[in-house]
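All remarks here apply to the structure that follows.
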Amino acid sequence: MSDSEDDIVLARRTKKQPSLAANESDEDDVPLSQLKKESSPDDTSISSNSQKSASKNSKASKRKTPSTSSQPKKRVKKEVKDEEEDDDDDDKPAKAPAKKPVKKEETPNSDEPEEETYKWWEDQKDDDTFKWDTLEHHGVMFPPPYEPLPSHVKLYYDGKPVDLPPDAEEVAGFYAALVETDHGKNPVFQKNFFNDFLQVLSESGGCNVDIKEFEKCDFSKMYNYFELKKEEKKNVPAFEKKRIKLEKEKEEEPYKFCLLNGRKEQVGNFRVEPPGLFRGRGAHPRTGKLKRRVHPEDIILNLGENAAVPPPPEGHNWGEIKHDNTVSWLAMWRENVLNSVKYVRFAANSSLKGMSDYKKFEKARELKYHIEAIRKDYQSMLRDKLMLNRQIATATYLIDIFALRAGGEKSEDEADTVGCCSLRYEHITLSPPNTVVFDFLGKDSIRFYQEVQVDHQVFKNLKLFKKAPKKPGDELFDRLDPSILNKRFQNYMPGLTAKVFRTYNASKTMQDQLDLIPNEGTPAEKVVKFNAANRTVAILCNHQRSVAKGHEAAIQKITDRIKEMLWQKIRFKRMMLQLDKNLKKKKPKYFEELEDLTKEDELEIHKVIIERERDKQHKKFARDNEKRKEDGEKLLPESELKEALKKVDELEKEYAKEAKSGKPEVKPANTTVEKLEAQVEKLEQRIANTTLQLKDKEDNSEVALGTSKINYIDPRLSVVFCKKFDVPIEKIFTKTLRDKFKWAIESVDEDWRF
DNA sequence: AAAGCGACTTAGGAGGACCTTA
DNA sequence: TAAGGTCCTCCTAAGTCGCTTT
């Protein structure tokens, strides 16, 4: 990568790793619930039968399907301009699904025996205009109908209780549940909600009160009721919770799976989105609007011609039945807030999703054979006489170097966010000679703020794009939009688009970072380094998360803990000096830090410890008595507590004395200098650990690692890392990710490179 | 060529599950 | 044994990009 001055920090200790035994929950192979084909009066049933049986004996047939072209010829990349290529050309032309992973008898590891699934990656097909031959599924799961609130829970208007019709009450309830949240406090949200609420109210027949102003609505009774319910739910005994959970699982069982070409595959979001208030991100003009309930009549199902049509809910009909095998969705409906389409799709671990994921990464890998030419070209095109070309070159530069998104045009009724092509005058600040400050809201209204040095010509160009009469509000790249850019990219490589650069640069960065990690230390330490590499990628892609509520406090707590450990350490050293006065002369360095602890700090720590001790005693006393009460024993007398507290008082006195003299009492009588040294050493270790932990926590507080791990880093990189470094894959991929990336886990060998 | 649409990937947050710690 | 934190999954919004329509 060229001039990335933004130094990216490496190596951090990360918090504890998830335990080895990732949830081995059962969920695995449940027999595809019998298709209930009875209903559907239409033809179909026969073939549905055949499909089903196909799946049954597929067990035999699956394994390695004959696979017509196990050697997909894949396009031969044009080696054109760029052979020399940056470092890693060691790698043969990107191509080819790994052929039969040689894999010996499968290590015992692999979770569960698990009737194996279709290994599509051993059997690649090139053409994906048709996504399936046969497709059978059970439709979608609807949310439960609305249950009216008990009659004592009401909305109040201007102090008066309101009798709302159920439909309106439901909407009021949507809002009531959110009053205390950021959304609930957002005026736009309130306004949009209120409009829609009034509309539903009038649609459903109105009520006994003339509701006019949002401000006069009092949702607190409803809110409290919901809180109460939440509390109740929390307190349901464990066995009951378990039962409920089981019941839920049973209910969703039929929807979870479908048959794709006769093979069982998981469905992703088989639940229809429940009604609610639209929670737009950032300053979304429509946030708070009512997202209406979706009915079977709104839903279009997509399945095989011969598949049984799942019966619609009692008394309803499906909106439409389609048999379009050029798409991979199972059902769709149109949502009313943005008028956009919602799809029910396959799960991430499905073959279809897996294949396109695989293709995505292969496409990104292919870019490495062209990137050099592309960079060379845009460098020179930065000075092109044609404005359009300069803009293209400059935009490409930004996309390549700073991993910006393409940045399509957005409409008035969406949040004002931008990407590369839609950057405006006010989003960049230039300061000579070549510093650019980016400050804009990107996808999801996440702020992109970076102060960077850019190529000289880029700086000039940006200045040019800002030149009068351009003014705030005007687009920097006024000749450009993503489709123009993407069309140019096609010239270098078929299928190359702006987003491929992000994938490429992310995975490339990961590869480079992993290459720097030495193969040493414990697995846990290696995982820390892996995460550090992951973090550089996340930073590159600007994947952020909001800092957790308690973050500040958590940091403070750790800092205090470190301080206390330091104090304790110094205390031990002081004890040593009492045992052997000459030590200080013998090892001046060792005792230097005695000076580091200020009187104030020491006193403060004393105070904290004493307070904590007192608190502890109080709590213990209360707890013990609580227990006794339950057991019907007689309570401990107050004097017991007094006694305990007296001990603390003594400790306090001791500390006071110690603070004055600077000579802590050498505690256990048989203490020796050696023992103290050992203690000090232990503390030092702990301090080092905790400090690392603190740093990690701080560095990580605003960075989301997950997004890049899931979408940008070629999973084969992680797999190779684990293999080479003897790190269990469970430390890197959760169960879900292992399922999603099964193709990578099973197909790659140690020498694989991105 | 612009606008709109359809289908797909990418994204952060909510909330529950799970683990650690007192 | 509860409380507190972290991790994981689910949820659904918000992008990208190709294609169709005007």
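Computation of the quantities below employed the complete heavy-atom set of this structure, encompassing side-chain atoms and omitting hydrogens, waters and symmetry-equivalent molecules. Protein chains get the first letters and strands the later ones, always in sequence-line order, with residue 1 at the start of each.
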Angle class for the A:Trp329/A:Tyr343 ring planes (parallel below 30°, perpendicular above 60°, tilted otherwise)? tilted

For the side chain of A:Lys353, starting at C-beta, report the closest nucleotide among B:dT9, C:dT12, C:dC17. B:dT9

Testing A:Ile300, A:Asp298, A:Val140 one by one against A:Met332 for a side chain to side chain contact (heavy atoms under 4.5 Å, CB included), which residue passes? A:Ile300

Kindly say if [X] contacts the phosphate of [N], meaning a side-chain N or O under 4.0 Å from OP1 or OP2.
X: A:Gln544; N: B:dA11; result: no
X: A:Thr497; N: C:dC17; result: yes
X: A:Arg271; N: C:dC11; result: yes
X: A:Lys342; N: B:dG6; result: no
X: A:Ser483; N: C:dG18; result: no
X: A:Arg502; N: B:dA11; result: yes
X: A:Tyr712; N: B:dA11; result: yes
X: A:Lys360; N: B:dC8; result: no
X: A:Lys735; N: C:dC8; result: no
X: A:Thr707; N: B:dG12; result: yes
X: A:His284; N: C:dA14; result: yes
X: A:Ser546; N: B:dG13; result: yes
X: A:Asn486; N: C:dC17; result: yes

Ion pair A:Arg424/A:Asp416, N-O distance below 4.0 Å: yes

Got a salt bridge between A:Lys360 and A:Asp357, using NZ or NE/NH1/NH2 to carboxylate O under 4.0 Å? yes

Result for 5'-nearest mapping on DNA chain C, choosing between A:Gly268 and A:Val418, is A:Gly268

Within the 4.0 Å heavy-atom criterion, would you say [X] contacts the bases, only the backbone, or no part of the nucleic acid?
X: A:Arg281; result: base
X: A:Gly280; result: sugar-phosphate
X: A:Ile710; result: nothing
X: A:Lys291; result: sugar-phosphate
X: A:Ser340; result: nothing
X: A:Arg334; result: sugar-phosphate

Base B:dT10 to side chain A:Lys443, donor-acceptor N/O within 3.5 Å cut-off: yes

Within 6.0 angstrom of A:Arg279 CZ, more than 12 heavy atoms from elsewhere: no

